[in-house]
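Data block below; observations after.
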Amino acid sequence: MEEPKDYPPLPTEILELVFHHLSAHQLKRARLVCRAWNETICGSNSLLDKFVFMVNHAGTCRKTCSDCAALANARGRFLNVKLSYILLENWSLVSEHLQRVTLNCGYGFKVESLLNMLRNVSKLQSLTLSHVSIDDFKLQNVKLDFKMKHLTELSILNGRIPVKCLYVFKKVCVRLVVLNFVDCFDWKCFSDHSDEQLFNLIFAVRDTLEHLGLTYRNIQGDLLENIASIDRLELKRLSLDKCDKLKEQHLISLSRLQPGLEHLEVRSLHFRDENILTEVCQNLANVTCFTLQTIQLNNTSWLGYSPRLTHLELNSNCTELEFDEVALPNLKTLRLKWLRNLQHMKLDQIHSFAVRYPNLLPHKTTNLRRLELIEVRPSFPLHLLCQRSPKLESLHLERINIVDRQLQLSCRALKHLRELSLQELTSVTGRFVEYICTYRRNLEVIKVVWCRKIGVSERNRLNALRERMHLTC
């Protein structure tokens, strides 16, 4: 037996090229392999950019505390910083070259601290305020004598932000591309001018804004129409959630006014007429990603007007779904959630199809009764789907890549299966026929057509069951 050879270590440049393909979590584990790997990762600014420097500190962070010392040591090395429950008195401790900052400060945050931070990080590209609460009375006499020319993404999530803060962001943000609001406004401070402040902020960045996300209940449908009608505003992505006051005609107006939308996400919207979706898809010819959550959905014929669709997510209590390559030739990702009442699903001739299971169906059992898979590629996780659908009664498989073992596992999980149809399954052999004749003699209908690996003897065994089963071979 030959002894293992000692190969020379890879050059640092080669290691960096390899490490660039790893995520931040994978890089964290790679640092623990050896000292050389750790030094390579920590010595590369481009690799350190993938990490987020996090500081958790309850209360005000002063110059003498350890967290301030950690921030000072990290100055100039990290471009991504997340500060949780920390109130900095001296924002000069952070690097002016920071690109992404996330603040999770809770109550007691002052608008002066926010403005001091923005002044010190003039090259900031992304700012996220999560669970930040700002007092309304602190907004008076604030000097807005600077501009955030590099800030392209602003997200305010689950905080208590006075609507007057929108005026501050309107003055300092000049080229926002992404703008997200998630349950962030203080409704005690909400006034009749709130819609106007939000409109003015979007109007100020209309030339660069491409992604708009709104998640809060008090938004008015008329406001959305006014936003969509802003001159020179060309949205690429729109996300609407918890907008209970949004009505069907508002969604139609949005699709007419913003025909260039490529990603549309609509949740908590109740449709009384599915023709609304047909008109929306006709107006949005360029949409590639569509997420829809509604109470009831009876058919998917409206998807035929979105031939460029590559990502589809449906959250509905629909009873029947049918997809085919003619309607969705470019579909690559399908996510079906909240489909407890789904009884019939058909996937027909969908190539280059990547179903992301387990997001295909809910984790709980479903009421699916009939399943048809016709030329779905690559291989479909049929046995996993059958385990989640114990009430399945009819199964039709045609021109899909499946072997005997997978088919047996699928049928074993279906105690109520009555009809089984197999057509042009090139990998199914006589072993599965033996399983059917031995263990599934309760089937009422079985069709086996053009399964060439099933021999004559197995076909004869199937013919012997004609008296109990309607058989086609």
Side-chain angles (χ1 to χ4, degrees), residues 299-300 318-328 334 336 339 342-351 353 355 357 360-361 365-473:
N299 64 75
T300 56
C318 58
T319 59
E320 183 173 345
L321 284 178
E322 182 174 344
F323 301 94
D324 58 73
E325 191 176 28
V326 177
L328 302 171
L334 173 64
L336 306 179
L339 300 180
L342 182 65
Q343 296 183 5
H344 178 203
M345 183 168 69
K346 178 180 179 181
L347 304 178
D348 188 358
Q349 297 184 14
I350 301 181
H351 298 172
F353 190 89
V355 177
Y357 203 83
L360 180 65
L361 288 174
T365 57
T366 68
N367 292 318
L368 191 65
R369 303 299 177 90
R370 183 179 180 184
L371 176 64
E372 298 180 59
L373 302 178
I374 302 175
E375 200 170 339
V376 179
R377 302 175 184 176
S379 58
F380 190 88
L382 179 63
H383 63 287
L384 296 177
L385 179 59
C386 291
Q387 290 175 2
R388 305 265 176 107
S389 308
K391 298 181 180 180
L392 198 66
E393 298 178 354
S394 176
L395 179 62
H396 175 80
L397 306 177
E398 183 176 347
R399 298 193 301 276
I400 68 172
N401 184 20
I402 191 171
V403 297
D404 293 337
R405 180 61 177 171
Q406 294 175 336
L407 201 51
Q408 289 180 17
L409 291 175
S410 302
C411 293
R412 189 176 300 173
L414 303 176
K415 304 299 182 182
H416 301 280
L417 187 65
R418 296 186 296 105
E419 300 180 5
L420 179 63
S421 176
L422 310 177
Q423 295 187 23
E424 299 185 46
L425 303 184
T426 57
S427 300
V428 176
T429 66
R431 294 181 180 179
F432 179 71
V433 176
E434 294 178 0
Y435 167 79
I436 291 294
C437 295
T438 305
Y439 299 103
R440 300 309 303 262
R441 299 172 67 90
N442 59 335
L443 287 175
E444 298 178 3
V445 177
I446 180 172
K447 296 181 180 180
V448 181
V449 179
W450 289 102
C451 298
R452 299 185 178 183
K453 287 190 177 181
I454 297 179
V456 177
S457 60
E458 289 82 8
R459 293 178 181 272
N460 292 335
R461 291 194 64 181
L462 288 176
N463 290 330
L465 298 177
R466 277 187 181 274
E467 296 180 359
R468 298 187 56 196
M469 304 164 63
H470 304 287
L471 183 63
T472 301
C473 293

#### Entry: Passing option when S421 is tested against K447, H396, E398 for side-chain hydrogen bond (donor to acceptor under 3.5 Å, both in side chains)
H396

Where do [X] and [Y] come nearest, in terms of heavy atoms and distance?
{"X": "C451", "Y": "L425", "answer": "SG-N, 3.8 Å"}
{"X": "S410", "Y": "L382", "answer": "OG-CG, 3.5 Å"}
{"X": "V433", "Y": "E458", "answer": "CG1-O, 3.6 Å"}
{"X": "E375", "Y": "I400", "answer": "N-CG2, 3.8 Å"}

Given side chains that start at C-beta, do those of [X] and [Y] come closer than 4.5 Å, heavy atoms only?
{"X": "R370", "Y": "E372", "value": "yes"}
{"X": "C411", "Y": "F432", "value": "yes"}
{"X": "L420", "Y": "I436", "value": "yes"}
{"X": "R461", "Y": "E434", "value": "yes"}
{"X": "N401", "Y": "S427", "value": "yes"}
{"X": "R369", "Y": "L392", "value": "no"}
{"X": "R399", "Y": "I374", "value": "yes"}

### Query
Is R431 atom CZ crowded by more than 12 heavy atoms from other residues, nucleotides or ligands, each under 6.0 Å away?
no

